Number of protein chains: 2
Amino acid sequence: MFSSSGYGDLELLNQCWHEFGGSDGVSRDGLLLSSSSSPSERVGGKNENCEAKALAALKNHSEAERRRRERINCHLSTLRGFVASTHHKMDKATLLAKVISQVKELKKNAMEASKGFLIPMETDEVKVEPYDTKLGYGCMSYMATICCDYQPEILSDLKTTLDALQLQLVKSEMSTLERRMKNVFVFTCCKGDNSNIVNVEACQSIASVVHKALGSVLEKASTSMEFALRTSYPNKRRRMC
Amino acid sequence: MFSSSGYGDLELLNQCWHEFGGSDGVSRDGLLLSSSSSPSERVGGKNENCEAKALAALKNHSEAERRRRERINCHLSTLRGFVASTHHKMDKATLLAKVISQVKELKKNAMEASKGFLIPMETDEVKVEPYDTKLGYGCMSYMATICCDYQPEILSDLKTTLDALQLQLVKSEMSTLERRMKNVFVFTCCKGDNSNIVNVEACQSIASVVHKALGSVLEKASTSMEFALRTSYPNKRRRMC
DNA sequence: GAATACACGTGATTC
DNA sequence: TGAATCACGTGTATT
């Protein structure tokens with residue numbers, strides 16, 4: 001009924017009490033309804049009244065428009081706070097473009113994180129891939145994945161294998177569903193936060209080493225599982241993808 | 001040097017080839033530089049030239065401004081596609097507000113997902129809490145967390161416990177770091193996708209049952225760990241938070 | 001017809 | 001200087 005989206009100056013003040021006193025040089029009080037020289041020479045009470053009314057309407061109009069602008073700019077400045085880029089004010093257009101790319105990135109990450117990232121697949125898999133883009137560390141990092149049937153022994157196998165590799169683990173996550181499991185490790189090649197520049201080739205060789213190690217773990221688990229299946233259960237799913 | 005953000009009509013066309021032919025009633029060709037009646041009565045080649053120049057500048061100005069508006073509105077309509085709300089066009093301000101809340105939500109989720117969600121804490125913990133808000137399923141769901149020192153036995157303990165409870169698991173994730181582990185289960189109370197309305201009290205009782213079960217698992221692990229520590233290692237960290 | 005939202009052209013300002 | 005952005009008031013359409 002009133003403001004089409006429930007907005008008012010109150011909301012505006014609540015959410016946007018920052019970034020004022022900027023380049024907004026509006027006086028916010030100059031009413032300008034005084035002594036407008038009548039454009040035409042006609043005189044008369046009716047015309048005067050009508051004229052004053054129109055003038056008041058015009059004033060209302062411009063004020064409403066100003067409010068609308070303030071509302072939009074307020075949200076814009078909030079967004080400007082989000083992208084949190086360097087130093088001084090960005091273009092409106094550039095700002096919006098950044099917001100768009102940020103939303104895209106966030107959505108992509110959310111998608112990746114929520115579905116499929118840690119849900120075990122139906123096919124066995126070992127994978128090692130770059131993981132740089134995540135938080136912009138500038139540090140070379142990789143994500144290793146192993147997905148297979150769950151067996152208690154495989155965990156200690158993995159642990160000893162990773163310990164032997166002496167990786168700089170960022171995180172290690174595991175997910176189980178039904179009888180499948182998926183294990184994800186993120187590791188980097190740089191020790192501290194300061195050494196941003198790292199030896200890329202060394203990283204890649206480490207990645208291939210990790211891949212091989214995980215592959216042998218999977219292989220071992222696979223054969224032991226095949227043995228178990230052959231001895232106790234009828235044949236079931238099994239094969240690398 | 002040129003465009004402060006590297007933008008041009010090319011970029012604009014690349015990214016924004018949708019939402020044209022809208023309410024934009026501009027003719028885009030009316031040059032209006034013809035036959036402007038001279039405002040003052042002075043005549044002379046110099047004045048005429050100057051006047052034409054000023055007029056051309058004005059035209060350039062307004063055109064540039066129009067391009068700027070188009071750029072902004074283009075990005076705005078891209079964002080409008082993101083919020084993907086119902087039916088017909090939203091306010092610019094409302095749209096931006098929605099974008100803001102969406103970015104906030106996405107950031108919150110990303111934060112939660114990336115750091116702390118699956119990173120084991122230093123203190124032991126069992127927790128069962130509602131998990132409704134995640135994807136808006138409208139189905140009552142809970143997230144159960146158990147965090148403690150890693151021991152191989154605890155996994156089979158957890159498995160048997162959860163199997164006994166016959167939960168409707170959505171996902172089950174585990175994370176290890178150093179010698180700590182954290183295990184997260186998400187489970188629901190409704191079997192299929194269609195039965196959105198579920199028995200809330202039943203859910204809550206299930207939640208408390210799950211909490212108790214996990215608590216006993218933790219307790220068992222804790223005592224066995226204490227035993228192991230007492231027999232082999234000097235005393236270490238141990239206590240519920 | 002009041003209220004609202006948008007596009008437009010223009011003056012001011014900055015680099 | 002010109003090219004860029006911005007805030008402003010106004011015209012116009014939709015409700």
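Chain letters run A, B, ... following the sequence lines, proteins first, then strands; residues in each count from 1. Because the structure is a prediction, the values reported are computed rather than measured.
Heavy-atom distances to DNA chain D give each of B:Lys53 and B:Ile72 a nearest nucleotide, and the one nearer the 5′ end belongs to B:Lys53.
Look at A:Arg67 and you won't find any side-chain N or O under 4.0 angstrom from OP1 or OP2 of C:dA5. At the phosphate of C:dC6, OP1 or OP2 sits under 4.0 Å from a side-chain N or O atom of A:Arg68. Distances shorter than 4.0 Å separate none of the side-chain N or O atoms of B:Asn60 from OP1 or OP2 on D:dG2.
Shortest non-hydrogen contact noted between B:His75 and A:Ile100 is O-CD1, 3.5 Å. Closest approach of A:Lys104 to B:Phe82, counting heavy atoms only: CG-CZ, 3.6 Å. Counting all heavy atoms, side chain and backbone alike, B:Thr123 lies closest to B:Cys147 at O-SG, 3.9 Å. Contact between B:Ile146 and B:Leu214 at its shortest, heavy atoms only, is CD1-O, 3.8 Å.
Ion pairing between B:Glu65 and B:Arg68 holds under the 4.0 Å rule for side-chain N and carboxylate O. Ion pair B:Arg180/B:Asp124 flagged as a salt bridge, since at least one NZ, NE, NH1 or NH2 atom sits closer than 4.0 Å to an Asp/Glu carboxylate oxygen.
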Sub-3.5 Å pairs of nitrogen or oxygen atoms, protein against nucleotides 13-15 of chain D:
none

Could you go through nucleotides 10-13 of chain C and list every protein N or O atom that sits under 3.5 Å from one of its N or O atoms, giving the distance for each pair?
{"from": "C:dG11", "atom 1": "N7", "to": "B:His61", "atom 2": "NE2", "distance (Å)": "3.4"}
{"from": "C:dG11", "atom 1": "O6", "to": "B:His61", "atom 2": "NE2", "distance (Å)": "2.7"}

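For A:Asn73 and D:dT5, the CG to C1' distance is 12 Å, given to the nearest whole Å. Residue B:Arg66 contributes atom CZ, which lies 14 Å from atom P of D:dT5 at whole-angstrom precision. Computed from coordinates, the B:Met90 CE to C:dC6 C1' distance equals 15 Å when rounded to whole Å. Rounded to whole Å, the distance from CG on A:Asp91 to C1' on D:dA3 is 13 Å.
For the pairing with A:Met90, the side-chain contact (heavy atoms from CB on, under 4.5 Å) check across A:Leu79, A:Leu95, A:Leu76, A:Leu96 returns one residue only, A:Leu95.
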Could you walk me through whether B:Asn73 and B:Lys92 pass the side chain to side chain contact (heavy atoms under 4.5 Å, CB included) check? CA-CA 9 Å; B:Asn73 285 336; B:Lys92 278 184 185 177; 3.2 Å; yes
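Stretches of at least 3 consecutive Watson-Crick or G-U wobble pairs, with each checked distance under 3.5 Å, appear in DNA chain C as C:2-15 with D:2-15.
Atom CD of residue B:Glu63 and atom CD of residue B:Glu70 lie 10.5 Å apart, to the nearest 0.5 angstrom.
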